[in-house]
Amino acid sequence: MNRFSKLHPALHLAFYLFSLVFVLVAGNPIFSFISLICSFLYNSVINSKRILKNLSLVALIILFVSLFNMLFAHYGNDVLFKIGHTEFTLEALFYGFNQGMVFSAVVLWFSALSYNADGDRVLYLFSFAPKLSLMFTMILGFIPRFNKKLSEIRDAQLALDGGEKPRGAKQKFKAALNNLSALITYSLESSIITADSMNARGYKRGALSVKRYKLCREDIVLIALTALASATLIYIKVSGRMTFIFEPVIYLKNFSPVAVIAFTVLELIPFTVELWEEMLWKLSNAKT
């Protein structure tokens, strides 16, 4: 179940771009927490098998960033403990906690993006710059594809050697060179095949581009909702009505319920789309 991934690419671009940028620049633990919870909920829906892994990842990131910031950044008035002349403060720990939530939310949103984005959508969104979009999509698949091919080359080489692994630095170095040579040969052959395939499919000068994605009513409503929530948050942020102070003491300088509601609505869009699709599916099964 991943209804959100089937919506228009323009909605994906608007949602992920603003969600990621805003949570990075907000500097407010309230919005960091909302983004983290919503990203976790959406990831849990589209890939329920990774719930425990995502929880472990989030806990590890937050713990590491919090402790790292407290150990190496010394500011604030509330001293938790002292080691020698070094004071470790609550403000440094809390700021690290907030940054850990931000980093965790960004990781989870990028994880969700991997389920929503593909090469065709990127090419469609950046059709005004086909070379740039094509290069970007190829880079996205470059590392995993080549890692997989290198593993296959190693296994093949091991089978040719009778299952004996190279021993000693000289043999290991020679085996690594042979594997690298095979990988380079594969990449060159693959580039020629890719070029011929792209040329046959119309990726050439003067070719006509066919737009396969059409805006439906659901796309228009969600894009309008994203734009409205984004404009509201930008206005409130610029007007200074959502300021959180981390030093010398921790306190919420300005609080805007409208901003919290707008950001929550925005971040819940993918999760709500999935819940709505699941509800419609269950109602349809109940009728039959």
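All heavy atoms count here, side chains included; hydrogens, waters and symmetry mates do not.
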Where do [X] and [Y] come nearest, in terms of heavy atoms and distance?
| X | Y | value |
| --- | --- | --- |
| Leu252 | Thr243 | CD1-O, 3.7 Å |
| Leu266 | Ser230 | CD2-OG, 4.4 Å |
| Leu7 | His12 | O-CE1, 3.5 Å |
| Asn77 | Glu91 | N-OE1, 3.4 Å |

For [X], look at atom [atom1] and say whether over 12 heavy atoms of other residues, nucleotides or ligands are found less than 6.0 Å away.
| X | atom1 | value |
| --- | --- | --- |
| Tyr235 | OH | no |
| Leu177 | CG | yes |
| Phe33 | CZ | no |

Fit a plane to each ring of Phe4 and Tyr42, take the angle between them on a 0 to 90° scale, and name the class: parallel (under 30°), tilted (30 to 60°) or perpendicular (over 60°).
perpendicular
Over 60° means perpendicular and under 30° means parallel, so tell me whether Phe246 and Phe94 are parallel, tilted or perpendicular.
tilted
Are the side chain of [X] and the backbone of [Y] linked by a donor-acceptor contact shorter than 3.5 Å?
| X | Y | result |
| --- | --- | --- |
| Asn47 | Asn43 | no |
| Lys237 | Ala26 | yes |
| Glu87 | His74 | no |
| Ser35 | Ser32 | no |

Quick check for you: to the nearest 0.5 Å, what is the distance between Asn54 atom CG and Ser104 atom OG?
10.0 Å
Partners of Phe22 by ring-ring contact (aromatic ring centres under 6.0 Å, His included), sequence neighbours excluded?
Phe18, Phe31, Phe263
Between Ser39 and Glu267, is any side-chain donor less than 3.5 angstrom from a side-chain acceptor?
no
Pair listing, salt bridge (Lys or Arg N to Asp or Glu O under 4.0 Å) test, anchored in residues 216-226, at least two apart:
Arg3-Glu218
Just one of Ile34, Val58, Ile37, Ile62 clears the side chain to side chain contact (heavy atoms under 4.5 Å, CB included) bar with Met101, so which one?
Ile62
